[in-house]
Amino acid sequence: MTPPGPARQALELARKDLLLEGRAGETLLVTAPFGGVALLLFPLAIGTDVPLLRSVGYGIYWVVVLLFGVLVSLRQSAADTPAQVALLRLTGVHPVVRLTGRAAANALLLLAFELTLLPVAVMIYDPPLDSWPWLLAVLPLVAAGLAVLGTLAGALAQGLAGRTTLGPLLVVPLALPLLLSATQVAEAVRYGREPWSWVALLLLVDVVAALAVALFARSLEEFS
Amino acid sequence: MSPASRLPYDACPAGRQAQPDAVIQLHGIAVAVERTPVLRDLTLTVGAGEAVGVIGANGSGKSTLLRLLATLLSPAAGTGRVLGSALGSRECEKIRPQIALIGHSPALYSRLTLAENLRFFCRLTGVDVSAVSSALDAVGLGRAADRPADRCSQGMQRRAELARVILSAPALLLLDEPHAGLDSGSAGLVDVIIDEVREREGAAVVVSHDRARLDAAVDRVLDLREGSLREVLPAATMVPGQGFR
């Protein structure tokens with residue numbers, strides 16, 4: 001019995017998470033429509049001031065992505081029972097590999113979530129589309145960062161009664177640089193500035209979060 | 001032929017490492033769960049080819065003992081070795097794939113089918129995926145392979161977990177109330193799987209309240225009381241109203 005390599009194991013764990021989510025439908029059938037409703041609520045509260053809605057459209061989109069993205073990464077279908085945690089530990093799969101698999105699945109789901117909400121935001125707010133090429137970099141970077149932070153918070157809150165409350169409290173403050181960078185990329189393009197520094201900040205947050213997984217995965221396992 | 005009478009030996013991985021004489025050696029072990037002492041001054045030796053039963057009142061620490069033996073908990077005091085690795089050390093991670101634990105609650109993913117659950121386990125651990133169907137056949141679940149776990153009865157879920165044990169061919173088998181939810185026909189399956197482990201010179205620790213079944217399945221029975229283990233006589237030697245002779 002030769003266990004597969006870490007990449008293969010992470011892929012298998014991600015595949016299992018995506019299969020479970022595909023059957024539960026929490027992200028695309030529950031959270032995404034709810035996020036769409038949230039996008040619709042802001043114009044109702046602000047009023048039909050079209051220039052104002054155009055200027056705040058990107059920001060509101062990213063706020064909704066951040067807040068509802070936390071729910072995606074901490075979804076119920078990604079919560080392992082104590083028996084499942086014990087089984088995974090007994091498979092001998094390294095804790096870093098286990099968290100990497102979960103983060104990969106979370107990242108894909110968050111990217112799908114972002115792509116689902118994006119046309120809704122464009123329809124409702126009609127924001128300037130001059131920064132759209134940058135979105136090709138920003139969307140996956142935000143998804144990856146939020147996924148890794150959510151995975152870390154999920155592991156920390158694993159088995160705690162207040163998981164659903166504690167998780168967002170941990171993720172949202174840490175994800176603020178993601179929100180700031182994502183909105184500032186669009187602002188920079190609009191005012192003719194180079195947005196590279198904000199993209200670099202996004203990348204930095206992703207790298208630091210990935211390093212945190214590598215460094216603390218084992219400790220998080222012992223804590224939970 | 002009953003499903004339990006023939007297990008898929010070809011599903012057992014070859015080349016398992018030679019086990020030390022004692023699969024489990026615990027000396028003066030103490031374990032606290034959330035700062036509450038559960039096990040104290042616990043000593044236990046289980047040899048290769050031996051199956052041990054553990055009885056005890058609710059809350060006496062039987063499940064904690066199994067988690068300790070599975071290397072999922074570290075002792076607060078004392079020393080212990082499981083499959084040659086010191087408890088609480090990093091080397092335990094290497095022997096974990098040789099340990100199978102079936103606890104109170106099933107470790108199945110409810111939205112995956114029984115076969116998908118087992119295939120997931122095989123792909124993670126390197127067990128041949130083609131052995132899944134024969135393992136499910138062996139526990140009498142061949143026809144339910146494509147049924148989601150949450151649509152299976154407790155007994156079926158328990159049998160699916162036993163199929164996973166067959167696939168993993170563990171050197172140390174840890175069972176918590178393995179007969180719970182199983183009909184009388186399926187309960188014999190547990191005994192067969194314990195025998196399989198013994199024949200491979202592995203060891204089994206079985207926690208159960210079903211004393212009659214336990215006596216039939218294991219070599220000796222221990223009573224976990226006040227955090228420590230003490231050997232008890234076979235149930236046949238008990239005198240009603242007077243306890244053990």
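Bear in mind the structure is a predicted one, so any value in this text is a computation, not a measurement. Numbers restart at 1 for each chain; the letters A, B, ... are given by sequence-line order, proteins then strands.
The two atoms that bring A:T27 and A:E21 nearest to each other are N-OE2, 2.5 Å, heavy atoms only. In terms of heavy atoms, B:C92 sits closest to B:L87 at SG-CA, 3.9 Å. The minimum heavy-atom distance between B:V82 and B:L69, with the atom names listed, is CG1-O, 3.6 Å. Contact record, B:I194 with B:A204: CG2-CB, 4.1 Å, taken as the closest heavy-atom pair.
Partner of B:L229 under the side-chain contact (heavy atoms from CB on, under 4.5 Å) criterion, chosen from B:V54, B:L39, B:V52, B:L26: B:V54.
The choice from A:T2, A:V97, A:L11 that makes the most heavy-atom pairs within less than 4.5 Å of chain B is A:T2. When A:Q9, A:R8, A:R89 are compared by the number of non-hydrogen pairs under 4.5 Å with chain B, A:R89 comes out ahead. Top candidate by heavy-atom pairs under 4.5 Å with chain A, chosen from B:R90, B:R164, B:R67, is B:R90.
Interface remark: A:L87 contributes side-chain atoms only to the contact with chain B (heavy atom separation under 4.5 Å). For a residue to count as touching a neighbouring chain, one of its non-hydrogen atoms must lie under 4.5 Å from one of that chain's; by this rule A:T91 touches chain B with backbone and side chain alike.
Along residues 105-126 of chain B, the residues that come nearer than 4.5 angstrom to chain A, judged on non-hydrogen atoms, are B:S105, B:P106, B:A107, B:L108, B:Y109, B:R111, B:L112, B:T113, B:E116, B:F120, B:F121, B:R123, B:L124, B:T125, B:G126 in order of number.
Between A:R23 and B:D150 no salt bridge is recorded (no basic side-chain N to carboxylate O distance below 4.0 Å). Ion pair B:R158/B:E161 not flagged as a salt bridge, since none of the NZ, NE, NH1 or NH2 atoms sits closer than 4.0 Å to an Asp/Glu carboxylate oxygen. Looking at A:E12 and A:R15, a side-chain N of the basic residue comes within less than 4.0 Å of a carboxylate O on the acidic one, giving a salt bridge.
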